[in-house]
Participant: 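Quick one: this structure, given as structure tokens, is what I'll be asking you about.
Counting from 1, the numbers follow the sequence of the chain as shown.
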Amino acid sequence: MKPEELRERINIDELRYSASRSSGPGGQNVNKVNTKIELRFNIPSSLSLSEEEKTIILDYLSNRINTAGDLLIISQSSRSQLQNKKNAESTFFRLMSDALTPPAERKPTKPTHVSMAKRLDSKKKRGIIKSSRKKYDEKDTD
């Protein structure tokens, strides 16, 4: 599922934002402006997702979800609160899209004849190198 499709499906009112002071460089701006954005989305109480989608998301994003079932995304890379909000939203929709996109099925392949021949050839060469290291006694050959 694409992030654009999720933007249309998920009700924006279900996303909760909170702003706080950002850490890191920024001079006086850091000390007086709340630019860090925390986006929270409660998965179990969401009306936009089916039960199956909720279980998939809870399993796929389990390391980002707290015990209350909130998906937490923090953005503080920009000095602008609006830009951090946009970054958090895009990260949210990308994560949800990745979680709801089924993985591609693996198509089993067989090694080619050339690759098998190369492997056997290298094994023979290695065997010759190792056998050349042996010391022969006349007693052992009888």
Side-chain angles (χ1 to χ4, degrees), residues 1-137 139-141:
M1 183 172 288
K2 295 183 179 175
E4 296 81 28
E5 295 172 12
L6 281 171
R7 278 187 196 275
E8 295 170 7
R9 274 190 55 199
I10 294 178
N11 188 358
I12 298 298
D13 296 335
E14 292 183 21
L15 302 177
R16 289 179 288 137
Y17 298 96
S18 61
S20 61
R21 290 192 182 134
S22 182
S23 63
Q28 293 174 346
N29 194 59
V30 170
N31 300 328
K32 62 184 179 179
V33 180
N34 294 334
T35 58
K36 174 179 159 183
I37 294 290
E38 289 184 4
L39 182 147
R40 291 179 184 268
F41 178 71
N42 191 285
I43 295 166
S45 68
S46 173
L47 302 173
S48 305
L49 301 171
S50 69
E51 291 301 319
E52 183 182 335
E53 290 173 331
K54 289 177 187 179
T55 56
I56 291 170
I57 292 168
L58 287 170
D59 185 45
Y60 187 83
L61 299 173
S62 60
N63 59 340
R64 286 182 166 260
I65 297 172
N66 63 15
T67 54
D70 286 340
L71 173 62
L72 178 64
I73 297 170
I74 297 173
S75 178
Q76 60 181 357
S77 58
S78 173
R79 289 179 62 177
S80 163
Q81 189 182 79
L82 182 62
Q83 187 60 44
N84 283 332
K85 186 176 178 181
K86 288 179 182 177
N87 291 344
E89 274 185 15
S90 66
T91 301
F92 168 75
F93 287 114
R94 184 181 45 80
L95 284 172
M96 296 291 279
S97 172
D98 291 346
L100 294 175
T101 302
E105 278 192 40
R106 181 186 175 277
K107 296 177 184 174
T109 59
K110 294 181 181 178
T112 62
H113 291 290
V114 174
S115 66
M116 286 192 295
K118 277 184 183 179
R119 185 180 69 83
L120 292 175
D121 187 44
S122 68
K123 286 170 72 78
K124 284 178 186 174
K125 285 180 183 176
R126 187 74 184 153
I128 291 169
I129 291 169
K130 286 186 171 189
S131 65
S132 69
R133 294 181 190 151
K134 291 181 181 177
K135 294 181 180 178
Y136 289 102
D137 275 346
K139 297 175 189 173
D140 291 340
T141 57

Participant: Rounded to the nearest 0.5 Å, what separates atom CD1 in Ile37 from atom CD1 in Ile73?
Facilitator: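 Here the rounded value is 12.5 Å.
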Participant: Considering residues at least two apart in sequence or located in another chain, which fulfil the side-chain contact (heavy atoms from CB on, under 4.5 Å) criterion with Glu53?
Facilitator: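 By the side-chain contact (heavy atoms from CB on, under 4.5 Å) rule, Glu53 matches Met1, Arg9, Leu49, Ser50, Leu100.
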Participant: Taking the side chain as every heavy atom from C-beta outward, state whether Asn84 and Arg79 have any pair of such atoms under 4.5 Å apart.
Facilitator: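 No, too far: nothing below the 4.5 Å cut-off.
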Participant: Going by heavy atoms in the side chains, are Asp70 and Ile65 under 4.5 Å from each other?
Facilitator: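 In short, these two side chains do not touch, never coming nearer than 4.5 Å.
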Participant: Are the charged groups of Arg7 and Glu4 less than 4.0 angstrom apart, N to O?
Facilitator: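 The answer is no: the pair does not qualify as a salt bridge.
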Participant: With heavy-atom distances below 4.5 Å as the criterion, would you say the side chains of Leu72 and Arg64 are in contact?
Facilitator: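 With C-beta onward as the side chain, the pair stays apart.
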Participant: Side chains of Arg40 and Asn66: does their closest heavy-atom pair fall under 4.5 Å?
Facilitator: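 Contact flag for Arg40/Asn66 side chains = yes.
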Participant: Is there a side-chain contact between Leu61 and Leu71, using heavy atoms and a 4.5 Å cut-off?
Facilitator: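 Result yes, sub-4.5 Å side-chain heavy-atom pair found.
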Participant: Quick check: closest heavy atoms across Lys54 and Ser46, and the distance to 0.1 Å?
Facilitator: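 Scanning both residues completely, I find the closest heavy atoms to be NZ-O, 2.9 Å.
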Participant: Within the 4.5 Å heavy-atom criterion, are Ser48 and Glu14 side-chain neighbours or not?
Facilitator: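 Heavy-atom side-chain distance check passes, below 4.5 Å.
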Participant: Under the side chain to side chain donor-acceptor pair (under 3.5 Å) definition, can you give me all pairs with a residue in residues 113-122, not counting sequence neighbours?
Facilitator: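 Checked against side chain to side chain donor-acceptor pair (under 3.5 Å) - neighbours excluded - the pairs reaching residues 113-122 are Thr112-Ser115.
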Participant: Any idea which heavy atoms bring Pro44 and Gly69 closest together, and the distance?
Facilitator: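 Answer, listing the atom of Pro44 first, then Gly69: CD-O, 3.4 Å.
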Participant: Between the side chains of Arg16 and Glu38, is the shortest nitrogen-to-carboxylate-oxygen separation below 4.0 Å, so that they form an ion pair?
Facilitator: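 Result for this pair is no, no salt bridge flagged.
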Participant: Which pair of heavy atoms, one from Ser75 and one from Asn87, lies closest together, and at what distance?
Facilitator: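 So the two residues come closest at OG-CB, 3.4 Å.
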Participant: Mind running side-chain contact (heavy atoms from CB on, under 4.5 Å) on Phe92 and Ile10 for me, showing each step along the way?
Facilitator: CA-CA 11 Å; Phe92 168 75; Ile10 294 178; 4.1 Å; yes
Participant: Restricting to non-hydrogen atoms, name the atom on Arg21 and the atom on Lys36 that form the minimum distance, rounded to 0.1 Å.
Facilitator: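 Arg21 and Lys36 have their closest heavy atoms at O-CD, 3.9 Å.
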Participant: Test side chain to side chain donor-acceptor pair (under 3.5 Å) on Ser45 and Asn42 and set out the steps.
Facilitator: CA-CA 6 Å; Ser45 68; Asn42 191 285; 2.9 Å; yes
Participant: Could you grab the distance from atom OG1 of Thr91 to atom CD1 of Ile74, nearest 0.5 Å is fine?
Facilitator: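 Here the rounded value is 11.5 Å.
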Participant: Run the side chain to side chain donor-acceptor pair (under 3.5 Å) test on Gln81 and Tyr17 for me, step by step, so that the C-alpha distance in whole Å, both residues' side-chain angles and the decisive distance to 0.1 Å come before the verdict.
Facilitator: CA-CA 11 Å; Gln81 189 182 79; Tyr17 298 96; over 6 Å; no
Participant: So, Lys85 side chain and Ala19 main chain: donor-acceptor pair closer than 3.5 Å or not?
Facilitator: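 No: the side chain of Lys85 does not pair with the backbone of Ala19.
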Participant: Just verifying a value: how many Å separate Phe93 CZ and Leu39 CG, rounded to the nearest 0.5 Å?
Facilitator: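 Taking CZ in Phe93 and CG in Leu39, the distance rounds to 8.5 Å.
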Participant: Nearest 0.5 angstrom please: Ser62 OG to Ile57 CD1, how far?
Facilitator: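 Going from the OG atom of Ser62 to the CD1 atom of Ile57 covers 12.5 Å.
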